[in-house]
Amino acid sequence: MNHALTFYGTGAAESIPNPFCSCRVCQNAREMGGREIRRRSMFRVSEELCIDLGPDTVSQAARFGDLTRLRHVLVTHTHLDHFSYGVMEVRQMAYERGEWPLRYYLTDKAFEAVSCFSSDSFIAEETGKLLQSGIIEFCRLQFGKTENISGMAVTPLRGNHSGQLQENSANYLIKLPDGKTLYYGLDTGWYLEETLQALRGAQVDYFISECTFGLTPGRGEHPQGHLDAFSCERLFRLLAGQGTITEQTHVYLTHINHYTSTGEELESWLRGRNFPCPLTLAYDGLQIEG
């Protein structure tokens, strides 16, 4: 089975429906099911590479494809809906697994913190044992520096969002094996100037953007931390003006929360706008066709 370029999860931290929430968006998801159900964010780039492994990984893998050949995990940031220690333990419990360590790639402060694994540090003692036994491995990436990972050129760019350790999130510019370019922009508010400059003229083929707050009004033209549909529209026009996205680019929106709009309402609003390129509201299980 080909798992490449598949959205395993398209929700934000609370997922949809939030199991403790009776708001109309969560109630709608319970009643409608299907695309209105959103697990925490995860994206499968290839058999060997994914972006984030959160707390929904077990159910995601059961539905959309196992992780038996997974070797590399690009971590956006250390918030626990994107970076789950429980999943590391699950790999340790596998009776038959690949002999390679599952490599987690982190940037700057995040790597410095997780590379310590004493019992009183951010990494628990049990996670330290997984490192020592070769179940997992932490690898350091630098913002703006390209590394070859699983045969792909991967460049982390700085997001406008702080993780568990107050580190900047990492967004990823990836050159795929077929020569096409993918950008994964979660979690981030309005793009930092250095990130806009790094993307100038990039001509991205697949642009995956967060749209966390959907149709939530009043968040300002340049919101911090997370985007919404209105700021996404402004951002895409800016990116089109600087050659990052073109008429041939396909934009996908993901990381959707339950604050304001159902998926159907957000999709309806998007259809009524004149975006500079094709745009799709992603859903769990959506596979990008190459």
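One is the number of the first residue; the rest follow in order along the sequence. Worth knowing before you read on, the calculation uses all heavy atoms, side chains too, and leaves out hydrogens, waters and symmetry mates.
- With rounding to the nearest 0.5 angstrom, the CD atom of Q197 is 9.5 Å from the OG1 atom of T244.
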Starting from the C-alpha separation in whole Å, work towards a yes-or-no answer on side chain to side chain donor-acceptor pair (under 3.5 Å) for T280 and H250.
-> CA-CA 8 Å; T280 297; H250 201 128; 2.7 Å; yes

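- Using modelled atom types and a 3.5 Å distance limit, the side chains of D56 and S59 yield no donor-acceptor pair.
- For the residue pair A170 and T107, the shortest heavy atom distance occurs at CB-OG1, 3.9 Å.
- Using a 4.5 Å cut-off between side-chain heavy atoms of Ile, Leu, Val, Met, Phe, Trp and Tyr, with links allowed through other members, L157 and L182 fall into different hydrophobic clusters.
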Evaluate the criterion side chain to side chain donor-acceptor pair (under 3.5 Å) for residue pair T6 and Q287; output intermediate values, then yes/no.
-> CA-CA 4 Å; T6 301; Q287 186 170 55; 3.3 Å; yes

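- Less than 6.0 angstrom separates the ring centroid of Y184 from the ring centroid of F43.
- For the pair R219 and F213, the distance from NZ or CZ to the six-membered ring centre is under 6.0 Å and the angle to the ring normal is within 45 degrees.
- Aromatic ring orientation, F236 versus F207: perpendicular (interplanar angle above 60°, classes split at 30° and 60°).
- A salt bridge does not link K109 with E167: every distance from a Lys NZ or Arg NE/NH1/NH2 to an Asp or Glu carboxylate oxygen is 4.0 Å or more.
- Comment: R273 engages E233 in a salt bridge, judged by a side-chain N to carboxylate O separation of less than 4.0 angstrom.
- Each of L173 and V75 belongs to its own hydrophobic cluster when Ile, Leu, Val, Met, Phe, Trp and Tyr are linked at side-chain heavy-atom distances under 4.5 angstrom.
- A salt bridge is absent between E14 and R40; no separation between the charged side-chain nitrogens and carboxylate oxygens falls under 4.0 Å.
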Given the rule in the side chain to side chain donor-acceptor pair (under 3.5 Å) test, do H77 and N168 qualify, once you have shown the distances and angles that lead to the verdict?
-> CA-CA 7 Å; H77 62 307; N168 277 94; over 6 Å; no

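- We find that R24 and E265 are joined by a salt bridge, their nearest charged nitrogen and carboxylate oxygen being less than 4.0 Å apart.
- Checking each of D81, D284, T57, T10 against R39 for a side chain to side chain donor-acceptor pair (under 3.5 Å) leaves exactly one that passes, namely D284.
- At distances below 3.5 Å, not a single donor-acceptor pair connects side-chain atoms of W100 with backbone N or O atoms of R69.
- Taking T212 as the reference, E210, H226, H255 meet the side chain to side chain donor-acceptor pair (under 3.5 Å) condition, with sequence neighbours excluded.
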For side-chain contact (heavy atoms from CB on, under 4.5 Å), just list the numbers for I149 and L49, CA-CA rounded to whole Å, side-chain angles, deciding distance to a tenth of an Å, and then say yes or no.
-> CA-CA 8 Å; I149 302 173; L49 176 67; 4.2 Å; yes

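- Aromatic ring pairs are classed by plane angle as parallel below 30°, tilted from 30° to 60° and perpendicular above 60°; the pair F275 and W269 is perpendicular.
- Between M88 and I136 the shortest heavy-atom distance is SD-CD1, 3.5 Å.
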